[in-house]
There are 2 protein chains.
Amino acid sequence: MIFHSSTALPTEAEKYLSIGVESMSITIKDVAAKAGVSVATVSRVINSKGYISDQTNQKVKAAMIELNYKPNIAARTLQGKSTATIGIIVPSLENPLYSELFECIEKELYKRHFQTLLCTSNNQIQKEKNYLSLLEANRVEGIISSSHSKVLEEYKETALPIISFDRKISSKIPTVRGDNYAGGKMIALEIVKRHKKNVLILSGSKEDLSPGNDRIKGITQVLKEKRISFTTAALPFERAPIVKKELAKKAINMDTFDAIICTDDLTALIVCDLTKKLTTPPLVTGYDGSSFIRAYHPELVTIEQPIQEISELLVELLVQKVEHPLIELEAEYVLAVKLVGKSEFN
Amino acid sequence: MIFHSSTALPTEAEKYLSIGVESMSITIKDVAAKAGVSVATVSRVINSKGYISDQTNQKVKAAMIELNYKPNIAARTLQGKSTATIGIIVPSLENPLYSELFECIEKELYKRHFQTLLCTSNNQIQKEKNYLSLLEANRVEGIISSSHSKVLEEYKETALPIISFDRKISSKIPTVRGDNYAGGKMIALEIVKRHKKNVLILSGSKEDLSPGNDRIKGITQVLKEKRISFTTAALPFERAPIVKKELAKKAINMDTFDAIICTDDLTALIVCDLTKKLTTPPLVTGYDGSSFIRAYHPELVTIEQPIQEISELLVELLVQKVEHPLIELEAEYVLAVKLVGKSEFN
DNA sequence: GTGAAAGCGCTAACAT
DNA sequence: ATGTTAGCGCTTTCAC
């Protein structure tokens, strides 16, 4: 591992070893030698498989501990064992929605003795493709992805089980998501309830599969029905906060709004900050309702996605698919969302 | 991978294959067969090593693409190649300090063509131990850890290169951190500058190696020097926000404070929320100054740790240690911090 | 109850 | 310029 292979004669390795750099991995052979048994026996102990006498068992275990032996996962993977690894692809952890999603998924997988391989794409298409490839090369058992719309083809080519969060990748790949359309409607109804008359809708960038689109549909549907006038402006939501702030400023100054609807919480926080000094600050609403936002900005009116349940379902479905590849799953699993935040006036 | 090994006869596999479940991995042999060359040649193409005619190169690459072939990382690891994987251990991603630290480290490693294996310990000692073991079993090249103090022994036993963030694990393991003592002093000096007279210090749990301890030292040093009276209360900072809120309430009500010093930003946000309705809200200070906090709570007086630089240094040092195991590094790398936030009054 | 040996996918001599 | 083959660490028949 450490020696440049060009010169890695065994003697060379031994030389280093003798001066105390004990970095050559301990293998099953070393354990077998120390315990005075065969590698097969050690393997049996590791996997608690087949018959082993108590005495041998003890000896081997002692040897493993003494040598601080860790079975080489690569080797067992190679000979056909599962890697017990699940890949997770998210755009970024800056948004608490995703860091919480990851944490929940990781906890769920940990319980089930899977390890997780997290990949953050940072909204870079090439990076996401590279990571997807990497997950395949690592022989993960399956993937949970919150994919970028421009990487769909690569997902479709994969033979691996995939479950998607919030975005429809293909009809073959199940999606788990909050009910964006209903969430949009809830927001709009709250606007109505509070007698707002002039609404600004700050949507994220209008990428094809963006979950924001359904939210906007729900919102505008209700606003139109109730004949409330609204303006829409797009705000590239993956940009740095400072950029978004400047863009938001412009949009806000277009007119005097008494409500500003944002399609995610972080944008909402920026807008809140921008408008709170106004004599009559508008109602600002967000979307996602991560527990971070709920804890540290409890007053923000937003839609709470059930991240915990979403995560559990994502994992449950993926594990099912991993264990029973031929299983038929629904195309979409839509979970209920709810309005939260300061319930009275603004 | 998919077949329960007990019944996974080749014929069984082939049967499944023929009905279209093409989940058995494509190997270098398949590629070689399709391209009409030997496995060695394919290997050469994969690694761009040795002589290969243009024509063969083409053929092989075409075959790889057609079969959607991904080299099996386990196999190449097994025969001695580096896994090119670095393990990262952090307590949790809920705190933006850690999610940003991870993102920065990941970007840095990605540039250098390393993959990262993230492990979140959730402050559970056993979980951290398990993950440490897992990283070894996965044969990662090295580890960046923000360790719990009760897992030190396990770290010391590891032969892997380790760099620690913010906590001194042992004299053998280099630590990279912000200057906590200086940061503490800066906070206290700000308190002095603003003529605060009665200070509450909310420290995190007093775990042995907590970076908070040095911060407290810096703070109290200055306060004592300037003869400003202060009270200290401990607040288990890894608890859920709601719990912390209740505990903070109690502490705050002990007296009437005109300044409350918190040893992390999240606690500070809670305290801000708790005190902002008071007629004369105290000055509340935090610690960490992640870019999330800087972006969404620019007014918070806090100490900004240079997360970007810390990450770069962590990675640089680790890579050095991985490539030159015998290299001698400093025991500690202490980076300057700075006071940020609303600069005038409170 | 335990050992010997084949083989997983790949790379790196060594042949040719 | 390309093929043959041994062997990485491990599991798993198959013998004993």
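Per chain, numbering begins at 1; letters A, B, ... match sequence-line order.
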Review point. Taking atom types as modelled, is there a side-chain donor on B/Q124 or B/Y131 under 3.5 Å from an acceptor on the other?
Key: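 No.
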Check your understanding: Regarding B/E312 and B/Q308, is there a side-chain donor-to-acceptor distance under 3.5 Å anywhere?
Key ->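 Result is yes, a qualifying pair exists.
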Can you measure [X] atom [atom1] to [N] atom [atom2] for me and round it to whole angstrom units?
X      : N      : atom1 : atom2 : answer
A/N138 : C/dC10 : CG    : P     : 13 Å
B/Y51  : C/dA12 : OH    : C1'   : 16 Å
A/K81  : C/dG7  : NZ    : C1'   : 15 Å
A/D30  : D/dC8  : CG    : P     : 12 Å
A/N47  : D/dT12 : CG    : P     : 6 Å
A/K59  : C/dT2  : NZ    : C1'   : 10 Å
B/K29  : D/dT4  : NZ    : P     : 13 Å
B/I26  : C/dC10 : CD1   : C1'   : 16 Å

Check your understanding: Hey, does the side chain of B/K49 come within less than 4.0 Å of C/dA12's phosphate (OP1/OP2), counting only N and O?
Key ->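 Answer yes for this pair, as a side-chain N or O of B/K49 is under 4.0 Å from OP1 or OP2.
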Check your understanding: Would you say D/dT2 has OP1 or OP2 under 4.0 Å from some side-chain N or O of B/T56?
Key ->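 Answer yes for this pair, as a side-chain N or O of B/T56 is under 4.0 Å from OP1 or OP2.
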Review point. With sugar-phosphate meaning primed atoms plus P, OP1 and OP2, does B/V37 contact a base, only sugar-phosphate, or nothing at under 4.0 Å between heavy atoms?
Key: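 Sugar-phosphate contact only.
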Practice item. Remember a base hit wins even if backbone is also touched, and classify A/S53 as base, sugar-phosphate or nothing at under 4.0 Å, heavy atoms. Key: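 Result for A/S53 = sugar-phosphate.
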Are the side chains of [Y] and [X] in contact, using a 4.5 Å heavy-atom criterion?
X      : Y      : result
B/K156 : B/S170 : yes
A/P71  : A/R76  : yes
A/K127 : B/Y110 : yes

Heavy atoms from C-beta onward define the side chain here; which of [options] lies closest to that of [X]?
X     : options              : answer
B/L78 : C/dT2, D/dG9, D/dT12 : D/dG9
B/I28 : C/dG9, D/dT12, D/dA1 : C/dG9
A/T41 : C/dT2, D/dT11, C/dC8 : C/dT2
B/Q79 : C/dC8, C/dG3, C/dA12 : C/dA12

Check your understanding: Out of A/E154, A/E153, A/E136, which one pairs with A/K129 under the salt bridge (charged side-chain N to carboxylate O under 4.0 Å, His left out) rule?
Key ->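 That would be A/E154; it is the only one of A/E154, A/E153, A/E136 passing the salt bridge (charged side-chain N to carboxylate O under 4.0 Å, His left out) with A/K129.
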Practice item. Any chance you could measure A/I89, atom CD1, to A/C119, atom SG, to the nearest 0.5 Å? Key: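 So the CD1 of A/I89 and the SG of A/C119 are separated by 5.5 Å.
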Exercise for review: Indicate the ring-plane relationship of A/Y98 and A/F165, choosing parallel, tilted or perpendicular according to the 30° and 60° boundaries.
Suggested key: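 Rings of A/Y98 and A/F165: perpendicular, as their planes differ by over 60°.
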Point to revise | Any residue of residues 67-76 of chain A with a heavy atom less than 4.0 Å from an atom of DNA chain D | key: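 Correct list: A/Y69, A/P71, A/N72, A/A75, A/R76.
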Could you write out each protein N or O paired with an N or O of nucleotides 4-6 of chain C at a distance under 3.5 Å?
none

Practice item. For salt bridge (Lys or Arg N to Asp or Glu O under 4.0 Å), just list the numbers for A/K34 and A/E66, CA-CA rounded to whole Å, side-chain angles, deciding distance to a tenth of an Å, and then say yes or no. Key: CA-CA 9 Å; A/K34 169 136 255 156; A/E66 190 173 346; 3.6 Å; yes
Review point. Using rotation axes that map the C1' atoms of four end pairs onto the next four (five pairs an end), what angle separates the end axes of the helix from C/dG1-D/dC16 to C/dT16-D/dA1, to 10°?
Key: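 Answer rounded to 10°: the end axes differ by 40°.
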Practice item. Check whether any side-chain N or O of A/N47 sits under 3.5 Å from a backbone N or O of A/S43 as a donor-acceptor pair, and report yes or no. Key: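 It does hold such a pair.
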Check your understanding: Do side-chain atoms of A/T120 reach the backbone of A/N122 as a donor and acceptor pair under 3.5 angstrom?
Key ->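 No; zero donor-acceptor contacts below 3.5 Å.
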**Study point:** For A/T85, the option from A/R139, A/E141, A/Q115 that meets side chain to side chain donor-acceptor pair (under 3.5 Å)
**Key:**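 Of the listed residues A/R139, A/E141, A/Q115, the side chain to side chain donor-acceptor pair (under 3.5 Å) partner of A/T85 is A/Q115.
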